[in-house]
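Scroll down for the structure; my scribbles are underneath it.
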Amino acid sequence: MTNRTAVSEFILLGLTDNFPIEVSLFILLFGIYLSTLIGNMLIIIIIQVNVQLCSPMYFFLQYLAWIDIGYMSTVIPKALVNIATGSKSISLVGCFIQTFLYLALGTTEFLLGAIMSVDRYIAICHPLHYPIIMNPHICSLLVISCVAGGISLILVACTPLFLMPFCGPNVMNHFFCDNGPLMKLVCVDTSFLEMISFLVAIFSLLGTLSVNIVSYVKIVSTILRIPSTTGRKKTFSTCVSHLTVVTLAYSSCIFMYIKPKGTIGLDYNKMVALLNTVMAPFLIPIIYCLRNRQVQDALKAELRQWVGYWKKL
């Protein structure tokens, strides 16, 4: 393996070679990344300190915020450094770590999203049993299961890939290390690796998507039976934010990881990967805060307390 793996680093071509566009991209990505960190941390802090948000939905939401911070941080800081310094290299080990963390956190997010849809289903369709079923112990176990499941699935896909020989070329047509571009640099036949990656993508994407679809079909059918128009609107509004995030995340990832071989070039994949990596984590705090009255009220209450505290000082 030592003789066959001659590559010690990879060259990331990035998003563009045009310097003015790179400068604009740097400013845009830095602004979105900083806003995402602030927004998600604000959600976490508000949920932690406000007793009104002590429910399973917000318990899962704070972990979703943590995952999004990690998911975005595996890619964007390195991409920003490469743009700022002009360096396009990443070490072999660094590339493997980035690939694993990116895929593991992304898979964990899909698993957690499926759990959140089931949580909404139980809350709306079985409200009397909801406190018993979704108790704190069960919620904690579900989060742990999502993390363990995400890591396990990606270990199955990535371990054979990381054991493959890389003997050149070492130029990757992407702005970060992903399993697809990385697989193209393996020196041997990758049919087996592609099959494993495809099966893992099918299970993690289409499997969790099926859970979301079934849950929301049942939710919608229950909402339509609510006699009060106001009650229907109020109940449905609690699910719209989750559906918006789910639609964006699944559409981009299915485009990238579940498609016939060779149908779409990597240049298109880079744009979709940028959308998925940047926009989904960026939109989550905006969507949940703007569409959720409880979060808005909790945020206003905390801001009033902080303003009152600083006035006293």
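Along the sequence shown, residues are numbered consecutively beginning with 1.
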Checking the side chain of [X] only, and the main-chain atoms of [Y] only, is there a donor and an acceptor separated by less than 3.5 Å?
X	Y	answer
Q62	I47	no
S24	P20	yes
N135	I132	yes

Rounded to the nearest 0.5 Å, what separates atom [atom1] in [X] from atom [atom2] in [Y]?
X	Y	atom1	atom2	answer
I32	T277	CD1	OG1	11.5 Å
I83	L29	CD1	CG	5.5 Å
L64	T108	CG	OG1	11.0 Å
R120	M57	CZ	CE	5.0 Å
S197	F192	OG	CZ	10.0 Å
N40	W66	CG	CH2	9.5 Å

For [X] and [Y], test the side chains for any donor-to-acceptor distance below 3.5 angstrom and give the result as yes or no.
X	Y	answer
Y130	D119	yes
Y33	S73	yes
N276	Y71	yes
N18	T16	no

Do the non-hydrogen side-chain atoms of [X] and [Y] ever get within less than 4.5 Å of each other?
X	Y	value
V118	S215	yes
T36	I69	no
I122	H129	no
S152	V156	no
F162	T99	yes
L163	T159	yes
L12	F175	no
E109	L105	no

Show your reasoning for whether side chain to side chain contact (heavy atoms under 4.5 Å, CB included) applies to L15 and E22. CA-CA 8 Å; L15 292 165; E22 277 195 331; over 6 Å; no

same_hphob_cluster([X], [Y]) at 4.5 Å side-chain heavy-atom cutoff:
X	Y	result
M183	L13	no
L161	V171	no
L92	V81	no

Closest approach of [X] and [Y], non-hydrogen atoms and distance?
X	Y	value
C95	M172	SG-CE, 4.0 Å
P160	L193	CB-CD2, 3.5 Å
C146	I115	SG-CG1, 3.6 Å
I219	S117	CD1-O, 4.2 Å
C158	L103	SG-CD1, 3.9 Å
T208	N212	O-ND2, 2.9 Å

Test of ring centre spacing under 6.0 Å for Y216 and Y121: no

Tell me if the centroids of the rings in F59 and Y63 come within less than 6.0 Å of each other. yes

A quick test of your reading: do over 12 heavy atoms of other residues, nucleotides or ligands sit less than 6.0 Å from NZ of K218? no

Start with the C-alpha distance between F60 and M134, add both sets of side-chain angles, then the distance that settles side chain to side chain contact (heavy atoms under 4.5 Å, CB included), and finish with yes or no. CA-CA 11 Å; F60 294 132; M134 302 301 291; 3.6 Å; yes

Name the orientation class of the two ring planes belonging to F30 and F26 (parallel below 30°, tilted from 30 to 60°, perpendicular beyond 60°). parallel

Taking it one step at a time, do V23 and I27 satisfy side chain to side chain contact (heavy atoms under 4.5 Å, CB included)? CA-CA 6 Å; V23 173; I27 296 171; 4.2 Å; yes

Residues which pass side chain to side chain donor-acceptor pair (under 3.5 Å) with S89, listed by chain and number, not counting sequence neighbours: S87

Ring pair (Phe, Tyr, Trp, His ring centres under 6.0 Å) between F110 and Y250, intermediate numbers included: CA-CA 8 Å; F110 283 121; Y250 276 100; 4.6 Å; yes

Run I151 and F100 through side chain to side chain contact (heavy atoms under 4.5 Å, CB included) and show every step you take. CA-CA 8 Å; I151 292 173; F100 175 77; 3.9 Å; yes

